[in-house]
Amino acid sequence: MHNRPSVPTMSLARLVLTSGRTVALAELRLTPTYGTLLDAYPCRPVNDLRIKTLLHTAERMSPTTPVHLIPPPREYPDHYTGPYGPVEILPRIACVARLSSPPLNPSKDPLLYHSTLTVLWFQPTPHIPTPHDTAPALRDLDWLTLARDHEVQP
């Protein structure tokens with residue numbers, strides 16, 4: 001399929017934000033938060049490094065698209081405190097998605113322009129967000145502030 005304005009492209013899902021804007025889930029990468037091996041126990045420094053690495057991955061997905069991190073929930077189970085602080089656990093699955101929607105600027109032709117945003121978030125299970133099952137933090141994105149208009153490339 002050619003990526004031309006006149007040829008509609010398929011998305012993984014269409015999501016409706018709290019603002020009422022519909023966005024297309026154009027690309028999604030799901031990875032285990034900690035992978036198969038963890039060199040150290042899960043703690044804030046390890047988690048912050050993992051988030052930083054995922055943000056770099058998100059930036060490389062589409063270098064001209066802004067990236068937004070939805071801060072992950074952090075759990076502190078009743079475990080020991082190691083040399084790097086207490087045990088801190090993030091949700092099991094890290095998600096990096098490229099989202100697309102009609103242009104922010106209403107004067108731009110929606111066949112020639114679209115707005116985009118790459119988002120990083122964490123969730124407990126490996127499922128694709130759907131219109132009826134979207135994480136509240138993802139639904140509440142402030143698209144007008146975070147996304148950027150781009151010209152569609154032929």
Side-chain angles (χ1 to χ4, degrees), residues 1-39 42-75 88-154:
M1 175 180 266
H2 299 283
N3 188 16
R4 292 187 208 140
S6 59
V7 178
T9 57
M10 293 181 60
S11 62
L12 295 169
R14 295 216 175 264
L15 311 174
V16 179
L17 303 181
T18 305
S19 65
R21 179 178 281 270
T22 299
V23 298
L25 183 59
E27 183 177 352
L28 176 63
R29 296 182 186 183
L30 303 174
T31 59
T33 298
Y34 298 111
T36 56
L37 298 174
L38 187 61
D39 293 335
C43 57
R44 182 168 290 274
V46 168
N47 291 337
D48 290 347
L49 181 60
R50 180 66 175 138
I51 291 169
K52 183 178 178 181
T53 301
L54 288 164
L55 284 170
H56 287 295
T57 298
E59 290 166 356
R60 287 190 307 269
M61 277 175 74
S62 183
T64 60
T65 301
V67 175
H68 175 68
L69 167 67
I70 295 175
R74 298 173 186 247
E75 292 183 22
E88 177 187 87
I89 299 173
L90 299 177
R92 288 179 353 117
I93 305 298
C95 307
V96 178
R98 190 170 45 82
L99 305 173
S100 179
S101 187
L104 300 170
N105 184 340
S107 68
K108 291 186 177 177
D109 184 340
L111 292 178
L112 300 176
Y113 291 87
H114 61 267
S115 55
T116 59
L117 177 65
T118 300
V119 181
L120 166 61
W121 77 94
F122 293 80
Q123 61 188 34
T125 60
H127 74 276
I128 296 175
T130 66
H132 307 292
D133 183 24
T134 303
L138 189 55
R139 247 191 342 259
D140 292 341
L141 286 173
D142 183 358
W143 192 263
L144 295 177
T145 302
L146 299 170
R148 183 178 304 142
D149 281 345
H150 293 281
E151 188 172 6
V152 175
Q153 298 299 315

Using 0.5 Å steps for rounding, measure from the NE2 atom of His56 to the CD1 atom of Ile51. 12.5 Å
Got a donor-acceptor contact below 3.5 angstrom from the Tyr34 side chain to the Leu90 backbone? yes
Any side-chain heavy atom of Leu99 sitting closer than 4.5 Å to one from Leu25? yes
Between the CH2 atom in Trp121 and the CD1 atom in Ile93, the distance rounded to the nearest 0.5 Å is 11.5 Å
Can you find a heavy atom in the side chain of Ser62 that is under 4.5 Å from one in the side chain of Thr116? no
Nearest 0.5 angstrom please: Arg148 CZ to His150 NE2, how far? 5.5 Å
side-chain contact (heavy atoms from CB on, under 4.5 Å) with Leu69: of Leu120, Leu54, Val119, Thr118, only one passes, and it is Leu120
Any side-chain donor paired with an acceptor under 3.5 Å for Trp143 and Ser19? no
Would you say the side-chain atoms of Arg50 pair up with the backbone N or O of Thr33, donor to acceptor, closer than 3.5 Å? yes
Atom CD of residue position Glu151 - does it have more than 12 heavy atoms of other residues, nucleotides or ligands inside 6.0 Å? yes
Within the distance-only criterion (no hydrogens, no angle test), does the side chain of Thr18 pair as donor or acceptor with the backbone N or O of Arg139 below 3.5 angstrom? yes
Residue pair Leu144, Leu104: steps toward the side chain to side chain contact (heavy atoms under 4.5 Å, CB included) verdict: CA-CA 7 Å; Leu144 295 177; Leu104 300 170; 3.7 Å; yes
Answer yes if the side chains of Arg21 and Ser101 hold a donor-acceptor pair under 3.5 Å, and no otherwise. yes
Can you tell me if Asn105 uses its side chain to pair, donor with acceptor, with the backbone of Asp149 under 3.5 Å? no
Once you round to the nearest 0.5 Å, how far does CG of Leu28 lie from CZ of Arg98? 11.0 Å
Sidechain-backbone polar pair: Arg92 side chain, Thr125 backbone, donor-acceptor under 3.5 Å: no
Could you tell me which non-hydrogen atom of Pro72 sits nearest to which non-hydrogen atom of Pro91, and how far apart they are? CB-CD, 4.4 Å
If every non-hydrogen atom of Ala97 is compared with every non-hydrogen atom of Met61, which pair is closest and at what distance? C-CE, 4.4 Å
Is a side-chain donor or acceptor of His68 paired with a backbone partner of Leu141 at a separation under 3.5 angstrom? no
State whether the side chain of Ser115 and the backbone N or O of Pro102 hold a donor-acceptor pair below 3.5 Å, judged by distance alone. yes
About how many Å separate NZ of Lys52 and CG of Leu55, when rounded to the nearest 0.5 Å? 10.0 Å
Any chance you could measure Leu146, atom CG, to Thr65, atom OG1, to the nearest 0.5 Å? 12.5 Å
